Amino acid sequence: MPQILDGNRVRDDIMNELKPRVAALAARVRPPGLAVVLAGHDPASEIYVRNKVGACQDLGIRSETLTPPDSISTEELLGMIAQLNARPEVDGILVQLPLPPQVEAKRVVAAVAPAKDVDGLHPCNIGNLVAGLPGPRACTPAGILELLKRYGIRMAGKRAVVVGRSDIVGKPVAFLLLHEHATVTMCHSKTADLAAVCREADILVAAIGRAAMITGEYLAPGVTVIDVGMNRIDNRDEVARIFRNSPRKLAAFDKRGSVLVGDVDPFDVAERAGAYSPVPGGVGPLTIAMLMANTVSSAERRAGAC
Ligand code: GUN
């Protein structure tokens, strides 16, 4: 039986470690402050932001959510960010992605003050990551590293294959793995014979955004699999196919009208992997925990505590 890399357990540990740091800041200066910008009405983003705000409440971090309409322009969003940059009680700023299509997302992300960039996506902080300098790391990649480290998965000298080259996950996680001395290969939609490259992996990170695309032929026996995919399936036949007619999954679908599946085939990974992060309950909870960690670290730095 493969080892399950339980993201909920690691999330709870990280949150418990953060509590005394938040309490110390609250006693000495003020509670950490996080501002979240949620533009428009993307349903998945609304759920993510609700969970982020809930985590702030659990820890005693002061949060505020700004909700500009779908029609907001780049210039208006830049003005909003400038105001948040200038407010001393705001330690962290998170612009939830994706932004509406008319907005120049890269300009908005680059407008956040690097010291308040708790998402770790500002070009300065990406530069810090590549150079191995301190700075906030992107939350999902940082969460993946916490999961691997806390389960004692060795990275030094191992072959790590990252499938997907997004700015949020693929690129930063590749550099984090490289800094742990893994031999890293980055794959994408143009990679020739993707399955053969994936079969060379000791550690496989799937961050493609395609439901159950990574099947048994991509997995070497004993591989550690990190599944970053969060794909909502709203077609019953598709649920039946991916989950091999599982009565439990079909009942969940009949109740809710959709079910979540990762980028990795859930049955093949359970059969072949040595360890894997499930969907849900793997990487997802860690993204929020690392956002909290980045916010607390930012507040400590800005308060001169470290
Ligand atoms: N949308 C999906 N994941 C993320 C994330 O980690 N940060 C932001 N800002 N938006 C996201």
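No hydrogens, no waters, no symmetry mates; every other heavy atom, side chains included, goes into these values. Because the structure is predicted, anything quoted here is derived from the model rather than measured. When a ligand or atom number is given, it counts from 1 through the structure's own listing order.
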Close side-chain approach of Leu129 and His179, heavy atoms under 4.5 Å
yes
Pairs under 3.5 Å, N/O atoms on ligand 1 and on the protein: can you put them in a table with the distances?
unit_1: ligand 1; atom_1: 1 (N); unit_2: Gln96; atom_2: NE2; d: 3.2
unit_1: ligand 1; atom_1: 1 (N); unit_2: Leu97; atom_2: O; d: 2.9
unit_1: ligand 1; atom_1: 7 (N); unit_2: Asp119; atom_2: OD1; d: 3.2
unit_1: ligand 1; atom_1: 7 (N); unit_2: Asp119; atom_2: OD2; d: 3.2
unit_1: ligand 1; atom_1: 9 (N); unit_2: Val95; atom_2: O; d: 2.8
unit_1: ligand 1; atom_1: 9 (N); unit_2: Asp119; atom_2: OD2; d: 2.4
unit_1: ligand 1; atom_1: 10 (N); unit_2: Leu97; atom_2: N; d: 3.0

Got a sec, which residues hit side-chain contact (heavy atoms from CB on, under 4.5 Å) with His181, two or more places apart in sequence or on another chain?
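So His181 forms a side-chain contact (heavy atoms from CB on, under 4.5 Å) with Ala156.
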Met230: partners by side-chain contact (heavy atoms from CB on, under 4.5 Å), with sequence neighbours left out
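Expected list: Tyr48, Leu260, Val279.
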Please determine whether a side-chain nitrogen of the Lys or Arg among Arg236 and Asp254 lies less than 4.0 Å from a carboxylate oxygen of the Asp or Glu.
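Salt bridge between Arg236 and Asp254, a charged N being under 4.0 Å from a carboxylate O: yes.
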Residues Arg30, Asp91: salt bridge by 4.0 Å N-O rule:
yes
Side-chain heavy atoms under 4.5 Å apart, restricted to Ile/Leu/Val/Met/Phe/Trp/Tyr: what other residues fall into the cluster of Met1, or is it alone?
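Hydrophobic cluster check, Met1: no partners found.
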